[in-house]
2 protein chains.
Amino acid sequence: MSELAEIKDNFVTQWGALGSQWGINRTMAMIHALLLVSPNPLTTDEIMAELSVSRGNANTNLRDLASWGLIRQVIVKGERKDHYEAEKDTWKIFCIVARERKRRETEPASQVLKDCINRSKDLKTAEAKELHKQLTALNDFVMLANSIMEKVASKEQSTLLPKILKVLS
Amino acid sequence: MSELAEIKDNFVTQWGALGSQWGINRTMAMIHALLLVSPNPLTTDEIMAELSVSRGNANTNLRDLASWGLIRQVIVKGERKDHYEAEKDTWKIFCIVARERKRRETEPASQVLKDCINRSKDLKTAEAKELHKQLTALNDFVMLANSIMEKVASKEQSTLLPKILKVLS
DNA sequence: TTTAATTTTCAGAAAATACTGAAAATACGA
DNA sequence: TCGTATTTTCAGTATTTTCTGAAAATTAAA
């Protein structure tokens with residue numbers, strides 16, 4: 001194996017291990033890493049061979065990655081099999097991940113909070129009022145953080161982050 | 001069960017279910033939720049009874065929550081058992097979670113990237129240079145996001161977020 | 001000390017999650 | 001249309017994660 005191939009392989013493997021921490025499964029993280037460092041689109045069979053995973057596993061995770069928008073199908077002339085390539089623009093990757101996290105993490109949390117806030121708003125005891133206050137504070141915060149993420153992730157340009165850093169110092 | 005108790009119970013249960021999405025286990029999320037809405041500190045036994053979990057499970061997750069800084073032990077005069085209470089300040093909770101995520105998610109990612117960047121920096125082929133470029137772009141971004149989070153989460157005051165929101169509009 | 005209350009640990013059980021492999025479905029060229 | 005290549009699905013299996021319960025360790029009162 002060439003030095004280059006070894007480095008890539010190492011990257012794919014380690015990225016896969018990190019995936020668990022990120023709440024996405026190992027195979028999904030590895031496929032994403034593999035396509036990120038592949039100079040050309042790959043077929044399901046190539047991915048299966050490279051990562052030693054089954055067809056079912058590869059197929060499922062390719063569709064998931066595509067549904068996130070982190071990879072896309074491309075047509076290769078004269079070939080019948082589907083080929084996949086990764087979105088390589090760092091800023092776009094960030095926006096996709098940010099939106100997905102918002103959708104899967106903060107929005108459901110806010111939903112739960114709102115529901116409890118609503119149900120407690122007419123209760124009169126001191127303890128109920130305290131609960132209402134605590135949950136409202138939490139939810140206001142979650143929603144604020146949410147709207148910041150939404151705005152950041154909707155920008156076309158990545159020049160935004162350096163500006164924010166500047167505001168902070 | 002009183003209306004208030006029902007609302008709390010609902011909150012604890014749903015928050016526990018959300019925990020999975022957040023990459024923390026159900027019991028840990030439930031204990032945190034329970035202490036968040038409890039007007040007074042609770043003992044391990046009270047938590048076990050309230051959530052129907054074993055002593056081992058309760059103990060392990062209480063220690064984990066304490067090591068994050070999301071809850072703390074408090075002494076109740078005349079009582080021998082440990083009592084626990086949650087940090088209720090929303091901004092502090094946010095800072096803790098942000099730091100923990102940085103530590104567990106972005107820092108290891110950056111480590112992997114740096115390692116591969118280093119190993120590829122002296123290779124001369126076009127493909128190797130492309131790889132080096134791609135990984136560097138990713139890492140620069142991760143580190144930038146990291147330093148923003150670090151700065152945000154190190155502020156004492158929560159008045160920062162509204163300011164950021166203003167900059168964005 | 002001794003004894004009893006409390007906390008911690010950890011082996012094994014249970015539950016949740018991920019993966020395989022092959023059958024079914026679909027797409028496409030002849 | 002038919003036959004073949006390709007993709008998708010999913011029941012069963014393997015792996016990982018979480019939880020239990022009881023024994024071991026610790027703490028503190030008597």
- With a 4.0 Å cut-off, would you call B/Glu130 and A/Lys88 a salt bridge? no
- Message: Rounded to whole Å, please give me the gap between CD1 in B/Ile47 and C1' in D/dC19.
- Response: 16 Å
- With a 4.0 Å cut-off on heavy atoms, is A/Thr43 in touch with a base, just the backbone sugar-phosphate, or nothing at all? nothing
- Query: Over how many whole Å does the gap from B/Asn25 atom CG to C/dA15 atom P extend?
  - Reply: 16 Å
- Message: Whether B/Thr27 contacts D/dC19 is assessed here as follows: a side-chain N or O lying under 4.0 Å from the phosphate OP1 or OP2. Is that the case?
- Response: yes
- Message: The side chain of A/Ser54 is closest to which nucleotide in this list: D/dT7, C/dC19, D/dT20?
- Response: C/dC19
- A/Arg55 CZ to D/dC10 P, straight-line distance once rounded to whole Å: 18 Å
- Task: Quickly work out the A/Asp64 CG to C/dC19 P distance and round it to whole Å.
- Result: 11 Å
- Could you tell me whether the side chain of A/Arg63 has a donor or acceptor atom within less than 3.5 Å of a complementary atom in the base of D/dT8? no
- Item | Any A/Lys121 side-chain heavy atom under 4.5 Å of A/Asn118 side chain | yes
- Figure out the CG/C1' separation between B/Asn59 and D/dA23, and round it to whole Å. 14 Å
- Proximal nucleotide (of C/dG21, D/dT7, C/dT7) relative to the B/Lys81 side chain: C/dT7
- Taking atom P of C/dT7 as reference, at what distance in whole Å does atom CG of B/Leu65 sit? 16 Å
- Query: In terms of side-chain geometry, is the basic nitrogen of A/Glu127 or B/Lys8 positioned less than 4.0 Å from the acidic oxygen of its partner?
  - Reply: yes
- Message: If you apply the rule side-chain contact (heavy atoms from CB on, under 4.5 Å), what do you find for B/Asn25 with B/Asp64, and how did you get there?
- Response: CA-CA 11 Å; B/Asn25 74 51; B/Asp64 284 354; 5.7 Å; no
- Query: What is the distance from CG of A/Leu51 to P of C/dA18, rounded to the nearest Å?
  - Reply: 17 Å
- Item | Euclidean distance, atom CG of residue B/Asp45 to atom P of C/dT6 [Å, nearest integer] | 8 Å
- Nearest to the side chain of B/Asn61 - D/dT9, D/dC19, D/dT8? D/dC19
- Query: So, is A/Asn57 close to the C/dT20 phosphate, meaning a side-chain N or O under 4.0 Å from OP1 or OP2?
  - Reply: yes
- Query: Rounded to the nearest 0.5 Å, how far apart are CG of B/Leu135 and CG of A/Leu36?
  - Reply: 8.5 Å
- A/Ser20 side chain near D/dT16 phosphate (N/O to OP1/OP2, under 4.0 Å): no
- Take A/Met28 and A/Arg80, find for each the nucleotide of DNA chain C with the closest heavy atom, and name the residue whose nucleotide sits nearer the 5' end. A/Met28
